[in-house]
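Report on one structure; see the data block that follows.
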Amino acid sequence: DTAVSQTPKYLVTQMGNDKSIKCEQNLGHDTMYWYKQDSKKFLKIMFSYNNKELIINETVPNRFSPKSPDKAHLNLHINSLELGDSAVYFCASTDWGVKGEQYFGPGTRLTVT
Amino acid sequence: SQQGEEDPQALSIQEGENATMNCSYKTSINNLQWYRQNSGRGLVHLILIRSNEREKHSGRLRVTLDTSKKSSSLLITASRAADTASYFCATDPTDSWGKLQFGAGTQVVVTP
């Protein structure tokens, strides 16, 4: 009964590779997010989709491309991975109309070697 | 840019003691939220306080908000070893709703 799930949980890959992280929520929310948490635990928003439309696009390299096939899914594709992309990536979701809390997934730890 | 700043960065207490951490922010907000993150896990929402509220309680948690000082505090009473975690405040700015701005967190260690 996981509310927000992410796959994979761990991802180890070499520089230059392309990888994807998937997120799914079963809460019926209409808004989903991607966050990046660096080694100092600082959490920064990257993207947000509302009803499959991109509504927040922070200053993120265009090597990162989110895709939302439907309201319950938000994927993150990263091209040409760099060492600095190593971090924990969290997906979150919320109900836009409630203007309340966000529900986070367990995170995907990406290590680029 | 980072919106919230938590203080202290780290806190070590014994079971049964109270833990207090503070959060300061810079811009006008719709609400302020506190989250907990256990090691290696995702963030769990604890409590949300709206800009027109001054104090809120949830179980052993008490949150205050002073919008004139742009600050908030989280008090955990009668702490338990299971409260060991990092605690983050997140502000929801009025000029960009839903774009939560997180602080760097307070790492709390509760020893039995």
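Numbers restart at 1 for each chain; the letters A, B, ... are given by sequence-line order, proteins then strands.
- Only the side chain of B/Leu48 comes within contact range of chain A, judged by heavy atoms closer than 4.5 Å.
- Judged as a salt bridge (charged side-chain N to carboxylate O under 4.0 Å, His left out), and not counting sequence neighbours, the contacts of B/Arg62 are B/Glu55.
- Of the listed residues (A/Asn50, A/Leu43, A/Ile55), the greatest number of heavy-atom pairs within a distance under 4.5 Å of chain B belongs to A/Leu43.
- Here the closest non-hydrogen pair linking A/Val98 and B/Arg50 is O-NH2, 3.9 Å.
- Applying the 6.0 Å contact sphere to NZ of A/Lys52 captures no more than 12 heavy atoms from other residues, nucleotides or ligands.
- The environment of A/Lys41 atom NZ is dense: over 12 non-hydrogen atoms of other residues, nucleotides or ligands sit within 6.0 angstrom.
- Looking only at side-chain heavy atoms (C-beta outward), A/Tyr35 and B/Leu100 come within less than 4.5 Å of each other.
- Between B/Gln37 and A/Phe90, the shortest heavy-atom contact is NE2-CZ, 3.3 Å.
- Counting heavy-atom pairs under 4.5 Å between each of A/Gly105, A/Ser48, A/Gly100 and chain B puts A/Gly100 at the top.
- The CZ atom of B/Arg41 sits 15.0 Å away from the CZ atom of A/Phe104 when rounded to the nearest 0.5 Å.
- In the hydrophobic clustering of ILVMFWY residues, with side-chain heavy atoms under 4.5 Å counting as a link, A/Ile56 and A/Phe64 come out apart.
- Here the straight-line distance linking atom CD1 of A/Ile45 with atom OG of B/Ser96 works out to 8.5 Å at 0.5 Å rounding.
- More than 12 non-hydrogen atoms from other residues, nucleotides or ligands lie less than 6.0 angstrom from OH of A/Tyr49.
- Rounding to the nearest 0.5 angstrom, the gap separating the CD atom in B/Gln9 from the NZ atom in A/Lys40 is 10.0 Å.
- For A/Tyr33, the part lying under 4.5 angstrom from a heavy atom of chain B is the side chain only.
- Shown here for A/Gln102 and B/Gln33, the closest heavy-atom pair between the two residues is N-OE1, 4.0 Å.
- Both A/Leu83 and A/Leu81 sit in one connected hydrophobic cluster of ILVMFWY residues. Membership requires side-chain heavy atoms under 4.5 Å apart, directly or through other members.
- For B/Arg80, the CZ atom sits in a loose shell: 12 or fewer heavy atoms of surrounding residues, nucleotides or ligands are nearer than 6.0 Å.
- The neighbour count for B/Lys56 NZ, taken as heavy atoms of other residues, nucleotides or ligands under 6.0 Å away, is above 12.
- For A/Gln37, the part sitting under 4.5 Å from any heavy atom of chain B is the side chain, from C-beta outward, and nothing else.
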